[in-house]
There are 2 protein chains.
Amino acid sequence: MAKGLPKRSEDYSLWYNELVKRADLAENSAVRGSMIIKPYGFSIWEKMQRQLDDMFKETGHQNAYFPLFIPKSYLSKEAAHVEGFAKECAVVTHYRLKNDENGKGIIVDPDAKLEEELIVRPTSETIIWNTYRNWIQSYRDLPLLINQWANVVRWEMRTRLFLRTAEFLWQEGHTAHATKHEAIEETERMINIYAEFAEEFMALPVIKGLKSESERFAGALETYCIEGLMQDGKALQAGTSHFLGQNFAKAFDVKFATKDGGKQEYVWGTSWGVSTRLMGALVMAHSDDDGLVLPPRLAPIQVVIVPIFKSEEDQNRIAEVAEKLRKSLKKKRITVKFDNRDTHKPGFKFAEWELKGVPLRIAIGPRDLENGTVELARRDTKEKNTVNIEGIESIIEDTLEAIQNNIYKKAKDFRTENTVKVDTYEEFKNIIENKGGFVSAHWDGTAETEEKIKEETKATIRCIPLDAEEEAGTCIYTGKPSNKRVLFAKAY
Amino acid sequence: MAKGLPKRSEDYSLWYNELVKRADLAENSAVRGSMIIKPYGFSIWEKMQRQLDDMFKETGHQNAYFPLFIPKSYLSKEAAHVEGFAKECAVVTHYRLKNDENGKGIIVDPDAKLEEELIVRPTSETIIWNTYRNWIQSYRDLPLLINQWANVVRWEMRTRLFLRTAEFLWQEGHTAHATKHEAIEETERMINIYAEFAEEFMALPVIKGLKSESERFAGALETYCIEGLMQDGKALQAGTSHFLGQNFAKAFDVKFATKDGGKQEYVWGTSWGVSTRLMGALVMAHSDDDGLVLPPRLAPIQVVIVPIFKSEEDQNRIAEVAEKLRKSLKKKRITVKFDNRDTHKPGFKFAEWELKGVPLRIAIGPRDLENGTVELARRDTKEKNTVNIEGIESIIEDTLEAIQNNIYKKAKDFRTENTVKVDTYEEFKNIIENKGGFVSAHWDGTAETEEKIKEETKATIRCIPLDAEEEAGTCIYTGKPSNKRVLFAKAY
């Protein structure tokens, strides 16, 4: 166990908070609810960004940048949208400070009041659809496939590092299409890309599904989501993709001339996003009481080399071997840190790199030099092996791949063990309260029942899985007929 | 001349604004002073970002992310700093909207007033140095070399796309050092990196220099800058690097235990940044009456292939050749667009890609197929050549390199022609008024003289060039002794 890090079994929540801070991922700032993403944490986010950005571009999307500020009247144009975001937004009302004449120091200048207040974007549908009105005239301008990497602000009252912060970083895709069919296709394409990213890069198995009406994005006709299961049995929504129908096109009067004869029709829209919340999911899905466990494909440092020496002569000899190895691994695009500090002992370094989740550790001591070996230690399984340094590059490549797969498998096995079908409300309550995890159950399809179950158990409908089979059954709460199971869980 | 694009000679300012919009770089938004960076413009900015980011990382810097909002009291802690930024900042005062009971629609909820107002960051020294207080205890924590890519807001009253906008994108480096010497070294390292980037990637020759006291960053002891010359004879500041001394360390109480016995000393700081303003510089330095001229190293599309066909059969045969060429160029990491639209004629496409500044155009017609040739046209010189398609890849590589160099040379020759030494104020006024460009002149070193020259001629001291030689002379305005020439110009 890492020094001073709480155990998951004792206080999962505290373990998470402490781990995020101690592993140098993020910390709270002096601004309520706003976090500081520290360099090590940010380098993981950069890896996520790079990979997602590549996937977006491969599917024809381009990046652009829209204003941070949204005029209040714009936010108000789509009724459901403003209802969803008005209660928690930062409002800019003035544009100048000044020295107070009565010696109160720097104050807001009352003469510099804005005519119309500006909202710091909680999401950008309104400002973007207002722009699309000018960009779209004809079917030739469609589809319009745009993404933006940006910061957004939602004035959350209860915040937690990465999981729920007043300001967070994200990407938001906003696309416009000529037909309903194409827009739904795009909505599904993007949830599939998110699922692929979560599974293949984050090693996080996810369920793809639809949100119930009450959990939908404010302004969407349908919200697709991916849901992961954390080690404490709570679910985490890791990405959403919204089919907006013609809602925003109508609110902002975005029409196009159709191919056949130029009728004017409203454009169909989608929006989709993932955020720095993924960092929280990554931490909570895999890490242990010793610290982070990072999947090799997102680890900023994939291999750390720790020399074990007593004399300066040994240190120099080991450094030579280590540097050579670092270079040959670099050629294979493996990121290596050679931790040659002489201010810290090997044991300290081992613990530090374990805390930071480096997937593979190589230790080299004087005896290794004689034998032409190194000690290879896996972060995920804690296995150690002595291997020949000759030809070690391909062993390392294979081991990194094995770690990536193992972390995924472990998370998937955990999810399988913690997903149960139940048919009675008693059983449902028992599992939600005592065991956690995903509970697959019949529901009568009403918001009332959903709300009551939430009130009584704190479990919410995470999604109606896309692969849910038709199955006759009765709602666990009301006994009314149902033809499909939905997935419940307590959630972040 | 591109259709409808004003000529530079007739109205340089209008030419610039129109070009930025027509070439799909950016446009004004509904929010005063905030621009929308369109996909084509953003893809150039992404290339700039990627290159700069690589250069920062190669010199040991790491990225991080700090909050968008700065508590008012923080901004006020460094006296010169708040003086410099208080007059033009966006202030968040409330955190909720609500439905007005009197039917006025959505209003700011008066019950949701913040206890302390938050400033949307105009720059992040204050919030970052407040964080550094906790990150820095000992000399072992230094140097701290951090960069952030972010949006910032300065409430400018007169805005222009890219050159001066209320919100802009930038990177801001913030470093902390144990000694004055190291901090100055870092300040100089970064201005050198900016100069290298400007010259080698933007093909923009720049003068490195120091700002006079009155043009310094608010809170800095010394500001280094790079200055470029635009085609209308006005200078543009393209990047700055500030030596902050111990100002922010003192304002935020950031001390470290020194190596020798652990005395507590204040940390030395630097900050440095470039912004989307570089996009404006890129446009104004090279483009012509036909549109953008982009240096190949930053062009999102380096080569465009335009097929010339009358029959569908020809189109198909040409497409086969074009696709093959696109693929073989892709292997050499050359970005190629094959414009096979059949909705537009070749002449239209030629004009469009000229407007968008694609460095090289390849036209392929039926006769080319017979002869095994293509027509190669350079955007910068308008030269056209018929060349064999066999082995064309290396010709294209070489030509792109030649274009990069030629654009740079042209800009440098222009600067040489438009840099003059003057020794009298009459001559100075004459050149500033009628010819523009850089004027190298003696100045007595006082802010009063600088201010008077600015009032009378609109010219400002762009910088005291780092390579300025010692030379005895007299101030052109006051006749007082001076030992160095400084560079004056009208500026953006």
Is there a side-chain contact between [X] and [Y] in this structure, where contact means two heavy atoms from C-beta onward sitting under 4.5 Å apart?
| X | Y | answer |
| --- | --- | --- |
| B:Leu68 | A:Leu68 | yes |
| B:Ile36 | A:Pro67 | yes |
| B:Tyr65 | A:Thr276 | no |
| B:Trp135 | A:Glu27 | yes |

Options [options], ranked by heavy-atom pairs under 4.5 Å with chain B, top entry:
| options | result |
| --- | --- |
| A:Met35, A:Glu116, A:His94, A:Glu83 | A:His94 |
| A:Arg32, A:Arg50, A:Lys72 | A:Arg50 |
| A:Glu46, A:Lys98, A:Arg140 | A:Glu46 |
| A:Thr131, A:Asn63, A:Thr93, A:Ile106 | A:Asn63 |
| A:Gly105, A:Cys89, A:Ser29, A:Ser76 | A:Cys89 |
| A:Asn130, A:Val120, A:Thr165 | A:Val120 |

Examine whether an atom of [X] lies under 4.5 Å from a heavy atom of chain A, and if so say whether it belongs to the side chain, the backbone or both; otherwise answer neither.
| X | value |
| --- | --- |
| B:Tyr74 | side chain |
| B:Leu75 | side chain |
| B:Arg341 | neither |
| B:Lys57 | side chain |
| B:Asp53 | side chain |
| B:Lys38 | both |

Using 30° and 60° as the class boundaries, would you call the ring planes of B:Phe69 and A:Trp155 parallel, tilted or perpendicular?
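Tilted, since the angle between the ring planes falls between 30° and 60°.
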
Under a 3.5 Å distance rule, please check whether A:Glu117 uses its side chain to pair with a backbone N or O of B:Val108 as donor and acceptor.
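No; judged by distance alone, with no hydrogens or angles, the pair does not exist.
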
